[in-house]
Amino acid sequence: MIRRSTGKSRKRARVRITDEFSEIKKKLYSDAASILEEGFSDIVKDTPVETGYAASNWKVSREGASESSAPPKIQGDSYRSKDEVIADGKSVIKLLKKYGFESNLKFFNATPYINQLENGSSSQNSFFIKKSTVKMRNKFSKLKG
């Protein structure tokens, strides 16, 4: 709400902008969170899968949080599904949507061979991270106007 008020002496006038910026900020946070959720989801879904180990190690974290190392890969072991990984990442992004983007956000994967997968060691989907980041960057550019 934009409100104009004047003092009794009419020597002072103020224009109070109360809810306008708050609503703009909420919409911006919501749009940014949607882009991030979709981008994280794309990266996880597009991670090449042989055993599911690499895809299970994707995480979303705020800057300053420690990056854990990947758990050991055990032959025949089952790993978190892509849907579980995506749900965990979205829960972190939703917190940022609610409280604001006061710190940087990062997507990370501690799988020792994640860079080889990105650079094409698997015939399934090379450069899957780059494709998703370019897509997110383009969507963020549209938000800027």
Side-chain angles (χ1 to χ4, degrees), residues 1-6 12-145:
M1 165 185 282
I2 298 176
R3 196 177 305 158
R4 178 192 60 83
S5 64
T6 57
R12 293 186 294 167
R14 290 189 300 208
V15 176
R16 298 180 95 191
I17 302 170
T18 54
D19 298 332
E20 300 301 315
F21 288 117
S22 179
E23 291 303 313
I24 291 168
K25 187 169 65 171
K26 284 180 189 175
K27 169 110 173 67
L28 183 60
Y29 285 172
S30 178
D31 291 349
S34 294
I35 292 168
L36 293 169
E37 286 175 353
E38 183 180 339
F40 181 71
S41 180
D42 286 349
I43 289 173
V44 174
K45 287 177 184 175
D46 291 343
T47 301
V49 174
E50 184 175 307
T51 63
Y53 179 70
S56 73
N57 284 311
W58 279 109
K59 294 193 176 28
V60 176
S61 176
R62 294 189 314 177
E63 187 175 48
S66 64
E67 292 182 14
S68 59
S69 58
K73 185 175 182 180
I74 301 170
Q75 197 66 24
D77 203 1
S78 62
Y79 303 103
R80 294 186 312 150
S81 72
K82 288 183 176 185
D83 288 339
E84 290 172 309
V85 172
I86 291 167
D88 288 347
K90 285 183 175 183
S91 67
V92 174
I93 294 167
K94 283 182 186 193
L95 287 174
L96 292 175
K97 177 181 172 181
K98 183 175 181 178
Y99 297 111
F101 292 85
E102 293 156 2
S103 61
N104 289 331
L105 186 73
K106 59 185 171 184
F107 302 163
F108 71 95
N109 190 317
T111 302
Y113 54 86
I114 195 69
N115 289 329
Q116 286 103 342
L117 289 176
E118 168 68 4
N119 293 315
S121 69
S122 169
S123 60
Q124 288 182 39
N125 194 8
S126 56
F127 304 108
F128 62 100
I129 300 169
K130 181 179 181 178
K131 289 175 196 171
S132 180
T133 55
V134 167
K135 189 174 164 183
M136 283 188 287
R137 186 180 320 126
N138 290 338
K139 288 181 178 184
F140 276 117
S141 291
K142 289 178 185 174
L143 281 182
K144 291 181 202 175

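Sequence positions, counted from 1, serve as the residue numbers for this chain.
In this structure, Val85 and Phe40 approach most closely via the heavy-atom pair O-CE2, 3.5 Å. Residues Phe140 and Ile35 come closest through the heavy atom pair CE1-CG2, 3.6 Å. Across all their heavy atoms, Asn109 and Ala54 have their closest contact at ND2-O, 2.8 Å. Of all heavy-atom pairs spanning Gly39 and Phe107, the tightest one is C-CE1, 4.2 Å. Nearest approach of Tyr113 to Tyr53, heavy atoms of both residues: OH-CD2, 3.3 Å. The minimum heavy-atom distance linking Asp42 with Ser132 is given by the pair CB-OG, 3.9 Å.
The side-chain heavy atoms of Ile86 and Lys45, taken from C-beta on, include a pair separated by under 4.5 Å. In this structure, the side chains of Val60 and Ser91 stay at 4.5 Å or more apart for every pair of heavy atoms.
Counting heavy-atom neighbours within 6.0 Å of Lys73 NZ, excluding the residue itself, gives a total above 12.
Between Leu36 atom CG and Lys90 atom NZ the span is 11.5 Å, to the nearest 0.5 Å. Rounding to the nearest 0.5 Å gives a distance of 9.5 Å between OG1 of Thr133 and CG of Asn138. Rounded to the nearest 0.5 Å, atoms CG (Asn125) and OG1 (Thr47) are 8.5 Å apart.
Ser30 places no side-chain N or O within 3.5 Å of a backbone atom of Lys26 that could act as its donor or acceptor partner. A side-chain donor-acceptor contact under 3.5 Å links Glu118 to the backbone of Phe128. Here the side chain of Thr111 pairs no donor or acceptor atom with the backbone of Ile114 at under 3.5 angstrom. Side-chain atoms of Ser41 never come within 3.5 Å of backbone atoms of Glu37 as a donor-acceptor pair (strictly under, hydrogens ignored).
Here Tyr29 pairs with Phe101 under the ring-ring contact (aromatic ring centres under 6.0 Å, His included) rule; sequence neighbours left out.
Salt-bridge formation is not detected for the pair Asp46/Lys131: no Lys NZ or Arg NE/NH1/NH2 atom is positioned less than 4.0 Å from an Asp or Glu carboxylate oxygen.
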